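Worksheet: the structure to be examined is printed underneath.
The sequence lines fix the lettering, A, B, ..., with proteins before strands; numbering per chain opens at 1. Note that the structure is predicted; figures quoted are calculated from it, not measured.
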Amino acid sequence: MLRPEAGTTADPLLALANYRSELGAWCDASPETLALATSPTPDYDDRVDHLRRFMGELYDAGWSRYGWPTGVGGLGGTIIHRATMWEVLATRGVPGMALFEHLEVLAPTLVHHGPTDFIAQVLPDFLSGRKVWSQGFSEPGSGSDLASVRTTATTVDDGYTVTGHKIWTSWSKYASWCLVLARTGSADSRHRGLTALVVDLESPGVDVRPITQANGTDELAEVFFDEVYVPSRRMLAGPGDGWRVAMHILSHERGTLAWFKHLFFYHHLHGCTDFADTRHDSALGNAFLDLTAVTAAAHKGLIAHADGDPLGPHAAFTKLLLCESEQATNDWILAVDPDLAGGIQTDEVALRRQEYLFSRIVTVYGGSQQMQLDTIAKQILQLP
Amino acid sequence: MSAADSTYHEILEVATKASERSDGATPLTELGWADILAGLGDPDAFAAAFAIARAQGRALTHSTALGSLAAQPYLEATDLNPGRVVAAIARESRLASRVDVLIGDSIGCLVLVDRPGEGAILVDTDALTLLPIDLPGRLVAHQVSFDGDSCLTEISEDRAAAARVRSVALTRIAAASEMLGAAETVLAMAVQYATDREQFGRPIGTFQAVRHLLAWAETDVVALDAVVRQAIRLGDTAPERFDAVLKALAGRNGRQICERALQTFGGIGFTAEHDHHHFHSRVLFLDGLAGSSAVLTHELGTWLRTTGVDPAYPAAVLAGPD
């Protein structure tokens, strides 16, 4: 069995076929933490804990270091290695990425825009689940209109003090770091006066308050910042570059992330076929069509990204197709497992209920459907 | 972009222009159709065939392209010139157990009629009864019946069965491509209309309701294009039933795109004089061939549920052969 070895230039695992088959073999040898990570657990804290432990074991064995540059703790390779990794994990029953979605939303931007020594320090902790990240963008007064954010970063000696209020920050409850979009410019400077700062959530002045979602999970939170000190060396890019950094993140959140997320929907479908019946075959077929569509579109985005040619506004299509497929998948699951609405609960049913309800809000989270449609109308169709 | 991708784009542009300036027939000879058919095993030729089908949909021209593609797999064991043979294509009917359709001007061609379970036959057009299909869409199509003894050649069920799956796959990719061509064109017309037509003192395309309608339709185009391109890129390595998925998606999305375009045109779009109904009728007609969206979608659901097949596609496979 091939094993990852740091620093070897002729690493056979850089060949994708080898990486896939050897990672699969490693999973099939039943690493201790995999069984827990794949068991249906409605308790969200437990789910996070199980996944973090598994990611720790995956990191120690080297697998999750592929797809990241060697200078920051990776073993080389591309986004295709990362896509392959999650695909193998999905086929072995890992139900989703949960807070590790940020490895595809935030980490690429950290690597691209962050100071190398800082990123080399934090990326291994991130990959291994020891210290995870959250994203501080939205505010009570700034949702779709991101350029209106009011959290301020005031210049002090060798850094900034951050004051403000972020909301819908995913996974802040578990996070050590928060990537905050803050205003360094004047109050009316819109997107030109923003800076991206990495805040240590253990700093004095930080108050994280979890928000329980309507489906019972509390993966979101609001975060209050009261003159929280951030040293300059924890800035991504330069002062005033916040919008550019944010757009880089969004190109992942709306473009490449769809590939990673949608793989799990196939397995959710597959997991219900045993007890489904013929009455809902058209709905199942329809969900399959939607999945095929997002696979093709997201794959286009993945390859474009790997070729250094990200999708830009075309990522809006991928985001819309991802949400359509998530909803169609869950529509069928509701049809074949009506207990999720009716109240007879096993752990599996409870989980399906959480996922069904969550699928109703995905068209808002991460850039609403209406914003995506506006982008397409204006920038692609060029309507007046 | 791969070499085959560039070929596809180039041929699509050339074929679209050539078809638009023709007298209604897709100029297959000018586009090198005979060589394409003969060389379908080559990725460039494979891509070219479906680029031409898409151009045919864009221009609403007619030809024997679909039928000659459908016939091609049956001819590998013969020494017949593929350009001369067109296959009839099946569609469901409530009124008859099976309807076979001949598309394009097939006079002078040999017609292949597949009879699942009983092999296939090659017949001269003289020996067939051809009933013109009178529908909008600038279609040239006939319903075919053969009840004679004068078939030129019989192909055994063994050999026909071996060709049948591939024939259906080629037909479905071509029909899906043509539906995409028609749908993306009528949508472009609707976008132009929304830019030009004014109400309440401004172009109707400035209203968010209209903008979002058109953006959804464009999303359906992008989705269908991505899957068509995937099918072309993957060729023989495509996952099981990929042609059925593509065909079902084309029918569903194709019809939805036409409906949203109609909503944008308003009443004028629903006149015989306006071109919309030609595009819509062509899409409906093609949806009905070789497995409608409604039927295939249901069958795919049944297949997934009863076989336990895992339909997930690996990223490396989708990268396709380089």
If you count heavy-atom pairs within less than 4.5 Å of chain B, which of Ala297(A), Ala276(A), Ala17(A) leads? Ala276(A)
With a sphere of 6.0 Å drawn around CD of Gln327(A), does it hold more than 12 non-hydrogen atoms of other residues, nucleotides or ligands? yes
Under 4.5 Å from any heavy atom of chain B - which part of Glu324(A): side chain
If I measure from the heavy atoms of chain A, does Trp216(B) come under 4.5 Å with its side chain, its backbone, both, or neither? both
Shortest non-hydrogen contact from Arg252(B) toward Leu289(A): NH1-CB, 4.1 Å
Could you state the interatomic distance from OG1 (Thr295(A)) to CD (Gln230(B)), rounded to the nearest 0.5 Å? 8.5 Å
Most contact-rich option vs chain B, by heavy-atom pairs under 4.5 angstrom, among Asp374(A), Val294(A), Leu320(A), is Asp374(A)
Among the options Asp290(A), Thr91(A), Leu269(A), pick out the one with the most heavy-atom pairs lying under 4.5 Å from chain B. Asp290(A)
May I ask you to name which of Leu304(B), Asp225(B), Leu296(B), Val191(B) has the most heavy-atom pairs under 4.5 Å with chain A? Leu304(B)
Under a 3.5 Å threshold, yes or no: a donor from one side chain and an acceptor from the other, between Thr297(B) and Asn286(A)? no
So what's closer than 4.5 Å to chain B heavy atoms on Gln369(A): side chain, backbone, both or neither? side chain
Using a cut-off of under 4.5 Å for heavy-atom pairs, which of Thr206(B), Leu187(B), Leu224(B) has the most such pairs with chain A? Thr206(B)
Heavy-atom distances under 4.5 Å only: say whether Asp274(A) touches chain B with side chain, backbone, both or neither. neither
More than 12 heavy atoms of other residues, nucleotides or ligands under 6.0 Å from CD1 of Ile268(B): yes or no? no
Tell me, for His267(A) versus chain B, whether the close heavy atoms (under 4.5 Å) come from the side chain, the backbone, both or neither. side chain
At a heavy-atom distance under 4.5 Å, which candidate from Ala194(B), Ala294(B), Gly205(B), Ser293(B) has the highest pair count against chain A? Gly205(B)
Most contact-rich option vs chain A, by heavy-atom pairs under 4.5 angstrom, among Leu249(B), Val210(B), Leu246(B), is Leu249(B)
Crowded around Phe270(B) CZ? As in, over 12 foreign heavy atoms under 6.0 Å? no
dist Arg305(B):CZ -> Phe275(A):CZ (nearest 0.5 Å) comes out at 12.5 Å
Determine whether Leu284(A) and Thr302(B) make a side-chain contact, defined as any pair of heavy atoms from C-beta on separated by less than 4.5 Å. no
Is it the side chain or the backbone of Gln208(B) that comes within 4.5 Å of chain A heavy atoms, both, or neither? side chain
Heavy-atom cut-off 4.5 Å, strictly under: side chain, backbone, both or neither for Leu263(A) against chain B? side chain
Just how far is it from atom CZ of Arg241(B) to atom CZ of Phe288(A), taken to the nearest 0.5 Å? 9.5 Å
Which atoms of Asp220(B) approach chain A - backbone, side chain, both or neither, heavy atom under 4.5 Å: neither
So do the side chains of Lys300(A) and Val222(B) get within less than 4.5 Å of each other, counting heavy atoms only? yes
Counting heavy-atom pairs under 4.5 angstrom with chain B, the leader among Asp309(A), Thr273(A), Thr318(A), Asp281(A) is Asp281(A)
Between Arg211(B), Arg202(B), Glu218(B), which shows the greatest number of heavy-atom pairs under 4.5 Å with chain A? Arg211(B)
Quick check: closest heavy atoms across Ile376(A) and Ala215(B), and the distance to 0.1 Å? CG2-CB, 3.8 Å
Could you go step by step and tell me if Thr292(A) and Phe242(B) meet the side-chain contact (heavy atoms from CB on, under 4.5 Å) rule? CA-CA 9 Å; Thr292(A) 305; Phe242(B) 201 70; 3.8 Å; yes
Return the CZ to NE2 distance between Arg229(B) and His299(A), rounded to the nearest 0.5 Å. 13.5 Å
